[in-house]
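Here is how names work: the chains are called A, B, and so on, in the same order as the sequence lines, proteins then strands, and each is numbered from 1.
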Amino acid sequence: MKRRTFLSGTSVVAISMLARPWRLALASEQLTDAHASTLLRMVKDIFPHDMLNDDPYLAVVSQLKGASADPDMSAMLVSGMADLDAAGEGRWADRDSMQRVADLGAIETTPFFITVRVTALFGLYGNPGIWSAFGYEGASYEQGGYLFRGFDDLDWLPEPLS
Amino acid sequence: MTQFDKSDDSVVVVIGSGAGGATVAHELCEKGIKVVVLEAGPRFTIDDFHNNELAAYQQLTWADKRYATGDWPAATLAPEGPNWIVKAVGGSTIHWNGLSFRAQPHEFKARTVYGDVDGASLADWPITYDDLDPYYSRAEDKMGVTGTHGIERHPPNNNYKVLYNGAKRIGYKQISNARQAINSEFRDGRGACIQMGFCNQGCKMGAKWSTLYSEIPKAEETGNLDLRSGCMVLRIEHDKAGKANGVVYVDADGVEHRQSARVVCVAGNSIETPRLLLNSNSSMFPDGLANSSGEVGRNYTRHVGAIVFGEFDKPVNMHRGITVPGTVFDEARSDPSRGFAGGYLIEAVSLGLTNLAVVGDASGWGKDYTSFLEKYSHLAGVLLNGEDMPRSQNGVTLHDTERDQYGLPIPVIHVEEHDNDHAMSKHFKGQAEALLGAVGATKMHHVVTAAATHNMGTCRMSADADKGVVDGFGRTHDVSNLFVSDGSQFTTATAENPTLTIVALAIRQAEHIAAEMSAKNL
C-alpha cells in the first residue's frame, strides 16, 4: 500500500544524485566482489532473520548489482559503502554486529541506506520462497482458499455467537 | 458490443466505472437510456487477478503522479502517491473489502448534531436517512449484502474470533460479521467465497461484488451500454447556454476524441472528479465547471485510520479468509463525552506478509522490526475507520506547472488534520489495546496508515448553491445536465465505509435522471 512511499523515496534519491558533483567522476565505477559482500552484510543487518539462509539475501544483492548498471545508482552504492568503511576502524563489514548496527543507524536517513532498505524490503518480503518460514501461506486460490484448510481453526477462544 | 456514434448527442456520458459510475450507468441502461462509459483504466477479467500483494498492487493501482501536502501522514510517507485506488474497469470495487454499512440517521445532520466544531466545515446533508432508506435496501439486494434480504452471513474466521472475543470481554455489545457484499453462496451469477484471503487484490471467485463483473456486464446485456476502457477524459465542454454538451478524451493509443452528450455524470473518485471539473474551466466558468461556489475540490475527507496488531502466544493465521471479517459498532455513536465529535468503527483486518513488512513501519529495520514480522502467524489486527472532520482548506487543487502524461495539471491533495481526528485516533488506540489485551495479546504494534483509500467530499452536496457543488440528487447547481455520481458528493464523511452509500445514491440519481429525461427537463 505504501509502495509508492518508497518509490517516491527513490525518486528523491535520483534527484539528489543529479546535483552531486562527483556523479560524472564515479560514473564508471563497477561493483566488486568486496562490494557485494558488504551489501550482503548490510541487507542481513537491516532485516536480520536467523531462520533464513543467505539465498534470499543474495537475491537482493543481485537486484542491487543489476540496478547498479545505472551509473548514478552504482556511484551512490560505492560511495555509500566507502562512507561506512570510513566511519570507523577497518572495513565496516568486519566490525562486530553492535557496531555495524550503530553505524547503519547513523546513516538511516541517507539516500544510500533508503535505497538498500527499500530494495531489500520488496526483494525479501516479496519473495515467496521465504514466506513459509513466517507462517504466511501465500496464494491460496489454486488450493481452494482456506474454506476447508483452516480459515476457522483457531481453537483457543470461544466460538462467536451470531 | 454496442457502439454509439461520437456525434450522438442523445447519450448519457458517464466518466468512471466504479461503484458510482457503473451503477448509475447500469440503472440508466435498464431504463432504456443509451449510455457511454469512459474509463481511464484497462479491462481485466477475474482470471487476470493475482493472489500476490505486490503483483496486484502493480496491476491495479492508479499510479499517476499526485502530490500530498499538509500535515497528514501521506505528505511525508507517500508524498507522490497519497491515494490507493484502482485504475481499471470496475474502479475501486475491485480492491475494496466489501463492507456495506448504512450511514446512521444522525450522520446526515452532522452540523446540527455535532454543533459548531471550530475549524471544521461541518454541514447537514440536503437529504435524510429516510430519503435514502429504500435505495439502501435496493443497493443491498443488488450487491448481495450478507445479513440482508435473507442472505446468510459468513462463518467466523480466525481473525474475527479474536475481534469478537476481545470486544465481548471489554464490554462491547454490537459486534457483527454481517453486512458484507461477499457471496456466502452462489447468487446473482457470482460465485461463493472460499475464504481465499485476497479481497484487496481482486476476488478471483467473483464472490465480492464489483461493478466489473456485475453492473457492467448486466448493462452491456441491455444493448444500451458502450463502455470504452483506456479512455482518459481531459475536459467536459458546454454550449453557449452553459449546458454540458460533450466530453473530450484521449484513448489508449493517445488519440483524442470528442463524445457528444445529453447528460454528463462524473464519477472518477474524489480526486479525479474535482480535478476534471477544475480542468474544464472556460470563459463562462473561469474557476472551473460548476464551481461558482468555490467549493469544488474542498472539504475532502478520507476517514480517520490506524491499525493495531496484537501479538499472541498462540497462532491466529489472520491471512486465512476474508480480509476484513467483522466489525464493532459500539463506538459508532455520537457521544461528545469521549472528547470528540462523530464516531468510529473497529474492524478486524489482516495483511499478507509483504504488505505487513511494507506498512508495519514505513522506515522500520533491525532486530526489533524483524522480530515483530517473525510473529506473523501469531498476529491479529484491528483497524480504525472513523468520521474525520471536513475542512474547507482540505482538498484537491491543480499543480501550477507540472503536467501528467495526458498534459493535465497534476492534482495536489492537501490535508491539515483536525484535532478532533487526533482525539478519535487516540481513543481508538486505547480501546484497541484493551480489546487485544483482553484476549491475551502480549505486545502491541501500532501502524500509521498513509495512503487514503476512502475518498469523500470535494464536490459536496448542499441545498444552498453557495455552499456546495451539487444538490440532493448529485446535480450540479451551476450546470443543469451535469451530475456527480461518486463519493465526491458526500457532505460529510460518516463513520461507515462509503461504498454502500455511493451505490444507494447512484440508484436514486439514475431514477431522477430518467424521470427528468422523460419530462424533457434534461
Surrounding NZ of B:K367 (heavy atoms of other residues, nucleotides or ligands, distance under 6.0 Å), is the total greater than 12? yes
In Å, rounded to the nearest 0.5 Å, how long is the span from CZ of A:F122 to OH of B:Y57? 8.5 Å
Below 4.5 Å from any heavy atom of chain A, which atoms of B:N317 appear? Answer side chain, backbone, both or neither. side chain
Assign the ring pair B:H319 / A:Y146 to parallel, tilted or perpendicular, where the plane angle (0 to 90°) is split at 30° and 60°. perpendicular
Contact winner vs chain A - B:S371, B:A178, B:G321, B:P315, heavy-atom pairs under 4.5 Å: B:P315
For A:L157 against B:R169, the heavy-atom pair lying closest together: CD2-NH2, 3.7 Å
Distance in Å, A:E159 CD paired with B:N165 CG, rounded so as to fall on 0.5 Å steps: 8.5 Å
Under a 4.5 Å heavy-atom cut-off, does chain A meet the side chain of B:L163, its backbone, both or neither? neither
Working to the nearest 0.5 angstrom, can you tell me the gap between A:Y141 OH and B:M205 CE? 6.5 Å
Which answer fits A:E108, side chain, backbone, both or neither, if we ask what part of it has an atom under 4.5 Å from a heavy atom of chain B? side chain
B:Y164 side chain near A:P158 side chain, heavy-atom distance below 4.5 Å: no
Could you check whether atom CE of A:M51 has more than 12 heavy atoms from other residues, nucleotides or ligands sitting under 6.0 Å from it? yes
If we define contacts as heavy-atom pairs under 4.5 Å, which of A:F148, A:Y125, A:Y136 has the most with chain B? A:Y136
Would you indicate whether the side-chain heavy atoms of A:V101 and B:W365 approach each other to under 4.5 Å? yes
Using a 4.5 Å cut-off on heavy atoms from C-beta on, say whether the side chain of B:I194 contacts that of A:R149. no
Which pair of non-hydrogen atoms, one from A:D152 and one from B:K161, has the smallest distance, and what is that distance? O-NZ, 2.6 Å
Has B:D368 got more than 12 heavy atoms of other residues, nucleotides or ligands less than 6.0 Å from its CG? no
Quick check for you: to the nearest 0.5 Å, what is the distance between A:L147 atom CG and B:H154 atom NE2? 10.5 Å
From the list B:G326, B:C193, B:A55, B:S377, the residue making the most non-hydrogen contacts under 4.5 Å with chain A is B:S377
Residues A:L154 and B:N158: closest non-hydrogen pair is N-OD1, 2.8 Å
Treating A:S140 as the side-chain partner and B:M196 as the backbone partner, does any N or O pair qualify as donor plus acceptor under 3.5 Å? yes
A:E142 side, atom CD; B:K204 side, atom NZ - distance, nearest 0.5 Å: 7.0 Å
With a 4.5 angstrom heavy-atom cut-off, could you sort out which part of A:L124 is near chain B: side chain, backbone, both or neither? neither
Can you measure from OG (B:S363) to CD1 (A:I114) and round to the nearest 0.5 angstrom? 8.5 Å
Considering all heavy atoms of both residues, which atom of B:L54 and which atom of A:G126 are nearest to each other, and what is their separation? CD1-CA, 4.0 Å
Do B:Y376 and A:W131 have their ring centres less than 6.0 Å from each other? no
For the student: nearest non-hydrogen atoms of B:R320 and A:D153, plus distance: NH1-OD2, 2.7 Å
Measuring heavy-atom distances to chain A, does B:F49 have an atom under 4.5 Å in its side chain, in its backbone, in both, or in neither? neither
What one should report as the nearest heavy-atom pair of B:G364 and A:F47 is O-CE2, 3.6 Å
CG/A:D96: more than 12 non-hydrogen atoms of other groups inside 6.0 Å: yes
Please identify, among B:V439, B:L356, B:N52, B:N159, the residue contributing the most non-hydrogen atom pairs under 4.5 Å to chain A. B:V439
